[in-house]
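These numbers come from the heavy atoms of this one structure, side chains and all, not from hydrogens, waters or symmetry mates. Because the structure is a prediction, the values reported are computed rather than measured.
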Amino acid sequence: MRKNRTAKFIFNGALLAVMAVLGVTAYQVANKSEHIQEVLPLESTKENDTADAGDSLSEGTDTLTETGTNLVEADMNEASDTGLLDSESLISDAADGLTSANAADASTLNDTDAALNSPDIGESTSVNAQVSLHKGPEVNFSEDTLMEWPVNGHVLIDYSMDQSVYFPTLDQYKLSPAISVQAVEGAPVVSAVNGTVYSIENDAETGTTVTMELGNGYQAIYGQLTDLDVAEGDTVTKGSIIGYVAAPTKYYSEEGSNLYFAMKKDGEPIDPITYLP
């Protein structure tokens with residue numbers, strides 16, 4: 001009896017254990033199936049969402065690309081139109097500018113040609129050129145004018161109009177309206193100041209003599225000359241050679257070769273030394 005109970009107890013315990021194992025197994029199988037069902041829709045949803053997102057992204061990219069292309073085309077068209085218009089405008093402006101410049105140059109050239117071809121202007125220009133070429137130095141002597149020595153040498157006979165001086169060749173005393181400056185024969189004689197040749201004469205006492213007008217009533221007289229470099233009417237610059245010292249005339253044979261140099265104011269003799277350095 002006790003053995004039957006023990007066997008029954010063991011059997012029941014084993015049955016419960018088997019049932020418990022079966023129940024746990026069934027529970028696990030059921031949970032796993034539900035878990036698989038839950039997981040599969042979630043993954044499917046994720047895949048669908050990813051696909052949808054990819055399609056949306058692709059569509060967005062296409063839209064952006066199309067929009068960008070349209071914008072670029074629009075900008076290019078606008079830039080092309082504007083650039084073309086600006087280029088055409090610039091070309092037109094440049095052409096107008098060149099036309100205006102050419103017209104101005106042509107007008108200037110025509111005016112210049114007309115001016116040059118004008119008889120009055122041509123004659124005036126020619127006259128002015130001739131006057132400029134022949135104007136020469138200014139001849140305007142005054143009390144303050146300083147001359148230069150016409151020849152280098154010491155004075156043999158002084159100017160003296162208030163008392164007589166001795167002339168060796170003549171062996172007499174008389175008034176002296178000029179100075180006689182010793183110089184070797186052939187020495188150059190220069191113009192002491194600007195002047196215009198008034199006359200060229202051959203005088204028995206002073207030989208070849210050149211008289212120059214100095215302006216304001218003043219005259220300069222150069223005597224005992226030869227080989228003249230000037231002619232009547234010439235305007236001579238101060239320091240220019242007018243001739244050379246000649247052999248002395250018979251009136252100066254004792255004094256030797258010299259330059260006869262005199263000055264006048266309104267026809268009256270004046271002392272040249274006053275205006276020489």
- Work out which heavy atom in N194 is nearest to a heavy atom in P137; give both atom names and the distance. ND2-CB, 3.6 Å
- Taking S160 for the side chain and Q163 for the main chain, is one N or O donor matched with an acceptor at less than 3.5 Å? yes
- Task: Would you kindly confirm whether L175 and V155 end up in one hydrophobic cluster when ILVMFWY residues are joined by side chain heavy atoms under 4.5 Å apart?
- Result: yes
- Query: Passes side chain to side chain contact (heavy atoms under 4.5 Å, CB included), V139 versus M212? Steps please.
  - Reply: CA-CA 10 Å; V139 178; M212 288 192 186; over 6 Å; no
- Message: According to a hydrophobic-cluster definition based on side-chain heavy atoms being under 4.5 Å apart (Ile, Leu, Val, Met, Phe, Trp, Tyr only), do I270 and I273 belong together?
- Response: yes
- Between P150 and L259, which heavy-atom pair has the shortest distance, and what is it? CG-CD2, 3.5 Å
- Task: Determine, step by step, whether T196 and D234 satisfy the side chain to side chain contact (heavy atoms under 4.5 Å, CB included) criterion, reporting the C-alpha distance in whole Å, the side-chain angles of both residues, the deciding distance to 0.1 Å, and the verdict.
- Result: CA-CA 6 Å; T196 301; D234 288 351; over 6 Å; no
- T169 and E255: CA distance, side-chain angles, deciding distance, side chain to side chain contact (heavy atoms under 4.5 Å, CB included) verdict: CA-CA 7 Å; T169 301; E255 289 84 356; 2.5 Å; yes
- Check the hydrophobic clustering (I, L, V, M, F, W, Y; side-chain heavy atoms under 4.5 Å; chains of links allowed) and say if Y198 and V236 are grouped together. no
- Query: Is Y260 isolated, or which residues cluster with it under the ILVMFWY side-chain rule of less than 4.5 Å, directly or via members?
  - Reply: L156, I157, V165, F167, L170, I221, Y251, Y252
- Query: Can you name the closest pair of heavy atoms from A231 and I200 and give their distance?
  - Reply: CA-CD1, 3.9 Å
- Query: Is there a donor-acceptor pair under 3.5 Å between the side chain of Q219 and the backbone N or O of G267?
  - Reply: no
- Taking all non-hydrogen atoms of both residues into account, name the closest pair between V245 and A183 and its distance. CG2-CB, 3.9 Å
- Backbone N/O of D158 and side chain of S176: donor-acceptor pair under 3.5 Å: yes
- Do you know which two heavy atoms are closest between A178 and A262, and how far apart they sit? CB-CB, 3.3 Å
- Item | Candidate pair Q224 and S257, rule side chain to side chain contact (heavy atoms under 4.5 Å, CB included), full reasoning | CA-CA 8 Å; Q224 307 265 18; S257 59; over 6 Å; no
- Query: What heavy-atom pair brings P277 and E148 nearest, and what distance separates the two atoms?
  - Reply: CD-CA, 4.3 Å
- Between M161 and L276, is there a shared hydrophobic cluster once you connect ILVMFWY residues whose side-chain heavy atoms come closer than 4.5 Å? yes
- Message: Just to verify, what does D203 make a side-chain contact (heavy atoms from CB on, under 4.5 Å) with, not counting sequence neighbours?
- Response: E205, T206, T209
- Task: Count the heavy atoms of every other residue, nucleotide or ligand shown that sit under 6.0 Å from NZ of K265, and state whether that count exceeds 12.
- Result: yes
- Message: With a sphere of 6.0 Å drawn around NZ of K238, does it hold more than 12 non-hydrogen atoms of other residues, nucleotides or ligands?
- Response: yes
- Task: Assign the ring pair Y275 / Y218 to parallel, tilted or perpendicular, where the plane angle (0 to 90°) is split at 30° and 60°.
- Result: perpendicular
- Task: Compare all side-chain heavy atoms of T226 with those of T208 and state whether any distance is below 4.5 angstrom.
- Result: no
- Query: For Y244, what are the other residues in its hydrophobic cluster, where any two members join if their side-chain heavy atoms are less than 4.5 angstrom apart?
  - Reply: V190, I241
- Query: Would you find a donor on one side and an acceptor on the other, under 3.5 Å apart, between the side chain of N216 and the backbone of F141?
  - Reply: yes
- Task: Give me the ring orientation class for Y222 and F261: parallel if the planes are under 30° apart, tilted from 30 to 60°, perpendicular past 60°.
- Result: tilted
